[in-house]
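Report on the following structure.
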Amino acid sequence: MAYIKKVFTKLIFVMPVLFSSLVFSESSDYNMPVGVTEVSESIFELHMVIFWICVVIGIIVFSIMFWSLWKYRKSKGAVAADFDDNFWLEIGWTVAATLVLVWMAVPSTQVMVEAYDDAEGEINILITGHQWKWHYEYLEDEVGFFSNLSTSQEQIDGEVPKGEFYLREVDEPLVIPTNTRVRFLITGNDVIHSWWVPDFAVKQDAIPGFINTAWTNVPEPGIFRGACTELCGIKHAFMPVVVRAVEREEFDAFIAEKVALAEEERLLTSKVWTKEELMARGEGFYATNCAACHQAGGQGIPPVFPALVGSQIALSDSARHIEILMEGVQGSAMAAFGDSYSEVDIASVITYTRQAWSNGENGDGVIVTPQDIVAYKNRIDL
Amino acid sequence: MSTVVESHDHGHHGPAKGLSRWLFTTNHKDIGTLYLWFSFIMLFIGGAMAMVIRAELFQPGLQIVQPEFFNQMTTNHGLIMVFGVIMPAFVGLANWMLPMQIGAPDMALPRLNNLSFWLLPMAFGILISTLFMPEGGPNFGWTFYAPLSTTYAPSTVNFFIFSVHVMGVSSILGSINIITTIFNMRAPGMTLMKMPLFVWSWLITAYLLIAVMPVLAGVVTMMLMDINFGTSFFNAAGGGDPVLFQHVFWFFGHPEVYIMILPAFGIVSHIIETFSRKPIFGYSSMVYAMASIAILSFVVWAHHMFTVGMPLAGELFFMYSTMLIAIPTGVKVFNWVATMFRGSITFETPMLFSIAFVALFTIGGFSGLMLAIVPADFQYHDTYFVVAHFHYVLVPGALFGIIAGAYYWLPKWTGNMYDETLGKLHFWLTFISVNVTFFPMHFVGLAGMPRRYPDYALQFADFNALISVGAFMFGLTQLLFLFIVIKTIRSGKQAKPEVWEGAGDLGLEWTLSSPPPYHSFTVQPQVK
C-alpha cells in the first residue's frame, strides 16, 4: 500500500506536466487545431496562454499542498500548529488572483473584438440547419443546395469497413473562395443546430427565427471538416460540415455552373414529364431526403414518423399530399419543402411515393407534375 | 466549543416497527437515511445509463443501441445524476447532520420533511416510466433546449414536465425546512459566525434553491403551454424566441451548478480540519467566499450560451463576471491548503477523498476558467472538453464530497467503524478510474469531438475506447462502496463518540454517542 501511495503521489505531481507535454506541440492531434485563418491562430495562441497560466498556478498550488501533506504527516511525528488565519496572507492571495485574471482578460478581450465583426462580406452565404442536413445559399447569385452526409448506412452499421472520412464527408461541400472575406448568415429551419468548422474557429448556433453572423477569410485552398454541435435530434451526429476553399477563378466557375444548373431546373419545370421520368427522379430524391424518417420501404417509424405505404393521403388525396410537402406539418418533424426544393423535385417525389411499393396498385394512380406544383404556388400567392 | 452531553432515555419513544417507520417517519435521521439510500439507488440507475453510453461509444459505428435510445440515455443520465443523486444525497446529509451540528433535537418542520422526501420517488418513478412508453422517454438532453423539447419532442415530454415540477416542489419544501431549522434551532451561544461550515454551506444552498427552483418551474410551464395550449413562448413561427428558453433555463441552471458543489465545500472543510488536526484556516473568508460564489452565480448564466449570437458587450460582460468567480473559489482552495500546512496529517479514507477533491476540483476549475474565455469557448463549446470540465467538478467534485462525507460520518451514524483497508481500496480504484474516464475527454474535446454524439469519426477511436474502459472500472468500483456501507451497518469495530482523534472539539455531533440517540439533542447544549 505504501509503495502504491508513493507512486501515485508522484503521478499526481507529473500529471500536469504529462498533460502539457501531450498537448504542447502545435501539430498534436489532441490539442485544439491551430486552424488556417488569422482568427483561428489568435484563438489558438490565446488558448495556449490561458492553459499555461493554469498549469503554472496548478504546479504552485499542488506543490505546496503535496509538500505539506508529505512534510506534516502525523506518522513522522508532526505536531499541529494552532493558527487559523493570517490577514495579510489572505489579502495577498486575493489580490494576486485578481491580477492574474486581469492578465488573462486583456488578450481575451482583444481576440474577442478581432473575431467579432458582422460587417458585410464580399461573398455572403445563408446557412440553414435542417434536421439533418445543411442548406447553403449564395445570396449574391441566388443559387443554393443541400449538403447531406455521404457515409453509407452500411459503414455505420459495421457491415462494410469504415472509410477514411467516416461521418466527415458530404455529397456536396460548401465551396468558398480563398483570400476573400466570406460572411455566413446562419439560421435554423426546425430546431437549433450549430455550424462549426474548427479550422476557421467559427461556431455559431443556427436558431429558427434568428439570423446569426460569422465570417472567415481563408488564405489557402483546402478541405475543412466540421460538425453540428447542438443536439438536434436522432441524427445529430450525422450532419457534418465540409467546406472546400478554392482559388477565386475556380470559385467563379463553380458558381457559373450552379447558375446554369438552376436555369436548367427552371426549364425542366415547363417540360412535359412522363410517369417513368418522375418516378426515377423521385426515387433518388426520396432516398436522400425522406428515407431517414419514412424509411426506404415507406413503412416509417410510427408513431413519430408515419408510414407512407397504405397512407390514405398517399393513396387518394393528392391535394393534401402536395400541401404537406409544400407547407410541412405543424407540430411534427415534417418540414416544409416548398421553399427549399424545385417544383420538379417536389412533384417527382410525390409521384414516386404515390406509385412506389404497394401504393401504385391500391391508390388512385394520380400523377403529380411540376405544373401542378406551379399551380399550387400561384393559388397560394393569390 | 464545549458542550454538555445529556444521557438520554430513548426507550419510550423509538422508531415505529416495519415499513410504517419509513413511510410515516418524521425523524430527521430516518428521513436522512431515506434520502441517502434513494440517491444511492439512483446512482446505480443513472450509472447504468452511463454504462450504456460508454458501451456504445467504445467503438465508432452503431453497435449496441440506436441514436433514439442513446439520446434518451444521455438525457436521463444527466437528469438522474443532477436531480436524483447529487441533490438528494446532499439533502440526506443535511437531514442527518444539521440538527446534530447545531444542537437541535430534529428538523424544524418534520412532517414537511417527510413530504419533501416522498415526493422524490414519485417524481423519478414518473420520469423513468417514460422510458418504457412507446414513444420513449425524454431525448432532448438534460438541458432540454426548445424547440427540440417542445414542437419536436415525443409526447412523453408532458410526464417529464410534471416530474420536474414535483422535484422542484420537493427541493423548495426541503429548503424552507433547512432555513427554518438553521435560524430557529441553533444551540444557545451558536452565533451565525460560529456555525459549522457545512451548516453555512447549506444555508446558502437553501437560499439558492428557493431562488431558482421557481424559475425552473416557470420554464417547464412555458414549455407545457407551448406544447398543449398553443402559446409561442419558444416557437419562432408564432413570434416566440427559442433563445429565451436558454436564458431562463440557465438563470436556473447556473445557480443549480453551485447548489451541487457548495455543500461539498462544507463537508470537505470539516474533513480537512479533522485529519490535519488543526482548525480550518480563514473561517470567515470561507463563509464570505461561499456567499460571493452564490451571489455571482446569478450574473454568469449566459456563459453557457456564448455561441447563440449575443452582442459583443454581452459576451464580454459574461466573460468577466465568470472569471470573477475564480477569485472566491481560489480563496477556498488556498484556505484548504493552508489548513493542511503545519498540521498533523493522517490519511483515513475521508481525508483521501477530500485531498482528491481539492486537487481534481481545482483541475475542473482550470478548465472552467478556460471555458470562460469567450473566443476560446467558440472552439470548446459543446465538445467533450465541456463534458470533461463538468464531470471533473461533479464527480471528483460533488460526488467525492458526498462519499468523503459518508465515510466521515458513517461511524457516527451506525456506531460501527468502516473497514479502513476496503475504504482505501475503494478510494484508489475510484481515483484511478475517474481520471482514466474523464481526463482523456479533455483531449477528444480539443481534437473536435462534439458531445451527445452516438457515433464519431475514426480519429477519436483510441481515446474513446480508453474512456469506456475507465468508465466500466469506475462503475464496478462503486459496487465495492455499496458493500462497504452494508458491511459497516451490520458489523464493525465499535465507534467512540468522537470517532476521530480530537474531533470532540470540532463540532457538537461528536459529543453525541455513536450511534446518536433517536432525538439527537433533547436538551440544548451550550456553545461558548
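Order of the sequence lines fixes the chain letters, A, B, ..., with proteins taken first and strands second; residue numbering starts at 1 for each chain.
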Structural part of [X] lying under 4.5 Å from a heavy atom of chain A:
| X | answer |
| --- | --- |
| B:Met310 | backbone |
| B:Gln72 | neither |
| B:Leu62 | both |
| B:Phe378 | both |
| B:Pro60 | both |
| B:Gln459 | both |
| B:Asn235 | side chain |
| B:Ala372 | neither |
| B:Ser155 | neither |
| B:Ile227 | neither |

Inset, instruction - Evaluate the criterion side chain to side chain contact (heavy atoms under 4.5 Å, CB included) for residue pair B:Asp455 and B:Phe70; output intermediate values, then yes/no. - result: CA-CA 10 Å; B:Asp455 194 2; B:Phe70 183 91; over 6 Å; no
Legend entry - Derivation of the side chain to side chain contact (heavy atoms under 4.5 Å, CB included) call for A:Leu167 and A:Leu149: CA-CA 7 Å; A:Leu167 300 186; A:Leu149 176 73; 4.2 Å; yes
Inset, instruction - On the 0 to 90° scale, with breaks at 30° and 60°, tag the A:Trp67-A:Tyr72 ring pair as parallel, tilted or perpendicular. - result: perpendicular
Inset, instruction - Evaluate the ring planes of B:Phe357 and B:Phe361, with Trp represented by its six-membered ring, and classify them as parallel (under 30°), tilted (30 to 60°) or perpendicular (over 60°). - result: parallel
Heavy-atom distances under 4.5 Å only: say whether [X] touches chain B with side chain, backbone, both or neither.
| X | value |
| --- | --- |
| A:Val111 | both |
| A:Glu114 | neither |
| A:Phe83 | both |
| A:Leu89 | side chain |
| A:Tyr116 | side chain |
| A:Ile234 | both |
| A:Phe238 | side chain |

Looking at [options], which one has more heavy-atom pairs under 4.5 Å with chain B than the rest?
| options | result |
| --- | --- |
| A:Pro198, A:Ser68, A:Pro107, A:Ala80 | A:Ala80 |
| A:Val202, A:Val100, A:Thr98 | A:Thr98 |
| A:Lys235, A:Lys71, A:Lys203 | A:Lys203 |
| A:Ile156, A:Thr213, A:Ile50 | A:Ile156 |
| A:Lys74, A:Arg168, A:Arg73, A:Glu90 | A:Lys74 |
| A:Ala97, A:Gly209, A:Ser108, A:Cys232 | A:Ser108 |

Legend entry - Aromatic ring proximity, centroids under 6.0 angstrom, B:Phe460 and B:Tyr384: no
Inset, instruction - For residues B:Phe245 and B:Phe144, establish whether the separation of their ring centroids is below 6.0 Å. - result: yes
Got a donor-acceptor contact below 3.5 angstrom from the [X] side chain to the [Y] backbone?
| X | Y | answer |
| --- | --- | --- |
| A:Glu159 | A:Glu154 | no |
| B:Thr383 | B:Phe385 | yes |
| B:Glu348 | B:Phe275 | no |
| B:Thr307 | A:Gln204 | no |

Do [X] and [Y] have side-chain atoms, one donor and one acceptor, less than 3.5 Å apart?
| X | Y | answer |
| --- | --- | --- |
| A:Thr151 | A:Glu169 | yes |
| B:Ser367 | B:Tyr380 | no |
| B:Asn335 | B:Ser285 | yes |

Legend entry - Among the listed options B:Gly136, B:Gly61, B:Ala237, B:Ala153, the residue most often paired with chain A at heavy-atom distances under 4.5 Å: B:Gly61
